[in-house]
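The next block holds one structure in the form of structure tokens; read it before the comments.
Numbers restart at 1 for each chain; the letters A, B, ... are given by sequence-line order, proteins then strands.
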Amino acid sequence: MERVFTDHLGDWKRGCCCGEPRTDGVGRELTLMGWAQTRRDHGGLIFVDLRDRTGIVQVVFNPEVSQAAHEKAKQIRSEDVLSVRGLLVRRPPETVNPGIATGEVELVVRDVRLLNASQVPPFPIEDETDANENTRLKYRYLDLRRPQSLAHLLLRYRMTKKIRDYLDGHGFVEVETPVLTKSTPEGARDYLVPSRIYPGKFYALPQSPQLFKQILMVGGLDRYFQIVRCFRDEDLRADRQPEFTQLDMEMSFVQPEDVLEVVEGLMTLLFKELKGIELRRPFPRMSWEEAMSRYGTDKPDLRFGLKLVDFSLAFKGSQVKVFSGVIERGGVVKGIRVSGGGIFSRKELDDLTTFVGQYGAKGLAWIKMADGEWQSPIAKFLSEKERSEILELTEANSGDIIFFVADESKVVHESLANLRLHLGERLGLISEKDYSLVWVVDFPLLEYDAEEKRYISVHHPFTAPLEKDLDLLEKEPLRVGSKAYDLVLNGVEVGGGSVRIHQPDLQKRILGLLGIGPEEAEEKFGFFLEALGFGAPPHGGIAFGIDRMAMILSGARSLRDVIAFPKSQRAVCLLTDAPSSVDAKQLKELGIKTVD
RNA sequence: GGGGUCGUAGUUCAGCUGGUUAGAACGCCGGCCUGUCACGCCGGAGGUCGCGAGUUCGAGUCUCGUCGGCCCCGCCA
């Protein structure tokens, strides 16, 4: 049976929000509007919890007060929209509800307008929902009514508001850059937009406004920022959406330290205002080299220990052939000591082996340190010297376990970095209330891509090399340092940036090293190189993942929780069902034919 | 592109080694109820077991395929 409500607001105006009434308003006539959370019908009295984003207030329908309103209230169901008018009264003392902010008062309804009926909601609108995510995303508007969803969006809004205020106070100007722009090589796959006016040609949606913000510096803007949507057509993860929001910043006449200083001020403010946490400045700095060697990653989570230990020297020429063999081939042997890890069962060790296998490790060796005895498949191959070196390097005690991975360094680092996180989480070493911010600095400029057989940028092609390394560029490119920096929060790269190349000759040299010759450079970046040639000032900046920041600061598990209308893992909007087919006529106009 | 996991009533789940009519809770519908706030009490409805093949006398259960959600690898300068 379809329920239809036909009342309109008419001349009623909302007096206050549902979460606001207090005892000081008792005796006043009030008009409230909102959604019916629940109805409790006692036959005589009917109670309705009226909800809006500010909270919940109880409204009472008493037939002795208004027969007509009471009669209408019988129709009310969950999530119906209504407006009520009546007298705010103090509740009888024994009926006060200390569980809600408005619990000392209630509205005695004299008149009600039923504004819109709701279908039966597929899941209850409660803070703790156990509804599946696909149901929640399909009915996102219902999910957003949950206080927790709202809290995520509010925190996000407060964050971007503080950012704008702070940067405004520091001389930054927010400038919008194009969404329809030019596809450039390097980086992620582009989202393309066909041009109707130029059939066969395409705009690309920006992966970031990188070149535009640099050109704004050439334009003399001096200090720019933008809170801007970016697009990357790659597969999704819990912390990756195809469209996401960056805080993009750029400053003129700066060295890395100047950028770091502005950012630290901003972060300190955000943590203080949003979380009540006083961060100590300056933030710790860690070289890329140290991050890789001690944590196996360029985004170390410093909230717990379990640092990597290098055994490569200790196992050179070892009887443990899987170790010595790897070392002979130029690989490394590294490991992690876990205090009290001796309790891991065989099954757990097998699971951990499978776990590191995801990252390419061919095995996970281990030694359990028991009193006077080393339990391990490799124990009998260990020499006395190796044993003492292991002890010295790990400072292991009885009851501990040491894990080893031997392979090429990339595999060892990725395996152990992820094993470290996995163990840290599983052993409860990570406090939810801790926040660790660290700058990772001194990145190399280039790395070698074995698959493409060429150098690629560690950061991006516009990052400036260290001046002292300029001579090495053509001779030993891999030893050239860069002016890049990342800000890492709890093991998540929340921001990354660099001081840029501002001279066209140097920019061309770097592009050349990346295998982009003068012709291609001219075609893809000609406009940019030309701009650099008209007096580009030294400049640098940084970009932050707003979604990731919001996720961490609100304690959400997924980026989807802090985005109003996120995409599913298959990049589908479950609410609108995008992407979808289009009319043949639209395709024809664009000069596009699809292949099946 | 690959690996894992899940898919049963509106929702969250149970359903054993394949075996009569697929269950529970919440929600929903009807009735009663003037101090509830997860109201209570009585009664009731509600299922293409994601979809399609296969094995079998017999499939929610086993096999294969397929679609979808989530997690991960690859990918993400």
message: For A/Glu452, give me all partners under salt bridge (Lys or Arg N to Asp or Glu O under 4.0 Å), at least two apart in sequence or on another chain.
response: A/Arg454
- line: The answer to which of A/Pro124 and A/Ala571 contacts RNA chain B further toward the 5' end, by nearest nucleotide, is A/Pro124
- prompt: Can you tell me how far P in B/C42 sits from the matching atom in B/C26, rounded to whole Å?
  reply: 12 Å
field: Any strand: nucleotide that pairs with B/C64 via Watson-Crick or wobble, under 3.5 Å
entry: B/G52
Please write out the pairs of protein N or O atoms and N or O atoms of nucleotides 3-8 of chain B separated by less than 3.5 Å, giving the distance to one decimal.
none

message: With a sphere of 6.0 Å drawn around OH of A/Tyr203, does it hold more than 12 non-hydrogen atoms of other residues, nucleotides or ligands?
response: no
query: For nucleotides 31-37 of chain B, read 5' to 3', which letter fits each nucleotide if B means a protein heavy atom sits under 4.0 Å from the base, S means only the sugar-phosphate is that close, and - means neither?
result: --BBBBB
Can you name the atoms? Protein N/O to nucleotides 75-77 of chain B N/O, anything below 3.5 Å, with the distance.
{"from": "B/C75", "atom 1": "O2'", "to": "A/Glu234", "atom 2": "OE1", "distance (Å)": "2.5"}
{"from": "B/C75", "atom 1": "O2'", "to": "A/Glu234", "atom 2": "OE2", "distance (Å)": "3.4"}
{"from": "B/C75", "atom 1": "O2", "to": "A/Arg240", "atom 2": "NH2", "distance (Å)": "3.1"}
{"from": "B/C75", "atom 1": "N3", "to": "A/Arg240", "atom 2": "NH1", "distance (Å)": "3.2"}
{"from": "B/C75", "atom 1": "N3", "to": "A/Arg240", "atom 2": "NH2", "distance (Å)": "2.7"}
{"from": "B/C75", "atom 1": "N4", "to": "A/Arg237", "atom 2": "NH2", "distance (Å)": "3.4"}
{"from": "B/C75", "atom 1": "N4", "to": "A/Arg240", "atom 2": "NH1", "distance (Å)": "3.1"}
{"from": "B/C76", "atom 1": "O2", "to": "A/Arg240", "atom 2": "NE", "distance (Å)": "3.3"}
{"from": "B/C76", "atom 1": "O2", "to": "A/Arg240", "atom 2": "NH1", "distance (Å)": "3.0"}
{"from": "B/C76", "atom 1": "N3", "to": "A/Arg240", "atom 2": "NH1", "distance (Å)": "3.0"}
{"from": "B/A77", "atom 1": "OP2", "to": "A/Arg232", "atom 2": "NH1", "distance (Å)": "3.2"}
{"from": "B/A77", "atom 1": "O4'", "to": "A/Gly187", "atom 2": "N", "distance (Å)": "3.0"}
{"from": "B/A77", "atom 1": "O3'", "to": "A/Ser457", "atom 2": "O", "distance (Å)": "3.2"}
{"from": "B/A77", "atom 1": "O2'", "to": "A/Ser457", "atom 2": "O", "distance (Å)": "3.2"}
{"from": "B/A77", "atom 1": "O2'", "to": "A/His459", "atom 2": "O", "distance (Å)": "2.1"}

query: What residues, two or more places apart in sequence or in another chain, satisfy salt bridge (Lys or Arg N to Asp or Glu O under 4.0 Å) together with A/Glu133?
result: A/Arg560
Return a table of donor-acceptor pairs under 3.5 angstrom between the side chains of residues 508-521 of chain A and protein atoms on other chains or two or more places apart.
{"from": "A/Arg509", "atom 1": "NE", "to": "A/Glu474", "atom 2": "OE2", "distance (Å)": "3.1"}
{"from": "A/Arg509", "atom 1": "NH2", "to": "A/Leu470", "atom 2": "O", "distance (Å)": "3.2"}
{"from": "A/Arg509", "atom 1": "NH2", "to": "A/Glu474", "atom 2": "OE1", "distance (Å)": "3.0"}

query: Does A/Glu432 have any salt bridge (Lys or Arg N to Asp or Glu O under 4.0 Å) partners at least two apart in sequence or in another chain, and if so, which?
result: none
message: In whole Å, measure the gap between the P atoms of B/G74 and B/G47 for me.
response: 46 Å
task: Output all residues satisfying side-chain hydrogen bond (donor to acceptor under 3.5 Å, both in side chains) with A/Gln207, sequence neighbours left out; order by chain, then residue number.
output: A/Asp190
message: Pairing check on B/C41: which nucleotide meets the Watson-Crick or G-U wobble criteria with it, both distances under 3.5 Å?
response: B/G31
statement: Separation of B/U11 atom P from A/Leu142 atom CG, nearest Å, is 13 Å
- line: From CD of A/Gln119 across to C1' of B/U11 the rounded distance in Å is 16 Å
message: Would you measure the distance from the C1' atom in B/A59 across to the matching atom in B/G15 and give it in whole Å?
response: 14 Å
query: Can you check the A/Gln241 CD to B/C70 C1' distance for me, whole Å?
result: 13 Å
message: Can you give me the closest heavy-atom contact between A/Thr463 and A/His459, atom names plus distance?
response: OG1-CD2, 3.1 Å
- prompt: In the structure shown, which nucleotide is the Watson-Crick or G-U wobble counterpart of B/C16, with both distances under 3.5 Å?
  reply: none
query: What pairs with A/Phe462 under ring pair (Phe, Tyr, Trp, His ring centres under 6.0 Å), at least two apart in sequence or on another chain?
result: A/His460, A/Phe525, A/Phe528
query: Say you pick atom P in B/G18 and the same atom in B/C73; how far apart are they, in whole Å?
result: 37 Å
query: Rounded to the nearest Å, what distance is computed from the CD atom of residue A/Glu133 to the P atom of nucleotide B/C71?
result: 7 Å
query: If you draw a 6.0 Å radius around CZ in A/Arg53, do more than 12 non-hydrogen atoms from other residues or ligands fall strictly inside?
result: no
- request: Take atom C1' in B/C64 and the same atom in B/C28, then report the distance between them in whole Å.
  value: 39 Å
- prompt: Distance only, no hydrogens: is a donor on one side chain within 3.5 Å (strictly under) of an acceptor on the other, for A/His413 and A/Lys334?
  reply: yes
- request: Applying side-chain hydrogen bond (donor to acceptor under 3.5 Å, both in side chains), name anything that partners A/Glu79, two or more places apart in sequence or on another chain.
  value: A/Arg51, A/Arg145
field: Side chain of A/Tyr359 - closest among B/G69, B/C72, B/G30
entry: B/C72
- request: Identify the nucleotide, in any strand shown, that forms a Watson-Crick or G-U wobble pair with B/G47, with both distances under 3.5 Å; if there is none, say none.
  value: none
message: Just the rounded figure in Å: distance from P of B/A38 to CG of A/Asp127.
response: 14 Å
- prompt: Excluding sequence neighbours, so at least two apart, what forms ring pair (Phe, Tyr, Trp, His ring centres under 6.0 Å) with A/Phe123?
  reply: none
task: Not counting sequence neighbours, which residues clear salt bridge (Lys or Arg N to Asp or Glu O under 4.0 Å) with A/Arg500? List them please.
output: A/Glu250
Atom pair distance, as rounded to whole Å: CZ in A/Arg140 and C1' in B/G69: 15 Å
query: Atom CZ of A/Arg570 to atom P of B/G1: distance rounded to whole Å?
result: 8 Å
Nearest-Å distance once atom P is located in both B/C33 and B/A14: 40 Å
query: Counting only Watson-Crick or G-U wobble pairs whose two distances fall under 3.5 Å, which nucleotide matches B/C75?
result: none
- request: Please state the P separation for the pair B/C16 and B/U56 - nearest whole angstrom.
  value: 23 Å
task: Measure the distance from CG on A/Leu137 to C1' on B/C70 and round it to the nearest whole Å.
output: 11 Å
- prompt: If the C1' atom of B/U66 is compared with that of B/A77, how far apart are they to the nearest Å?
  reply: 37 Å
- prompt: Contact class for A/Arg560 vs. all strands (heavy atom < 4.0 Å): base, sugar-phosphate, or nothing?
  reply: sugar-phosphate
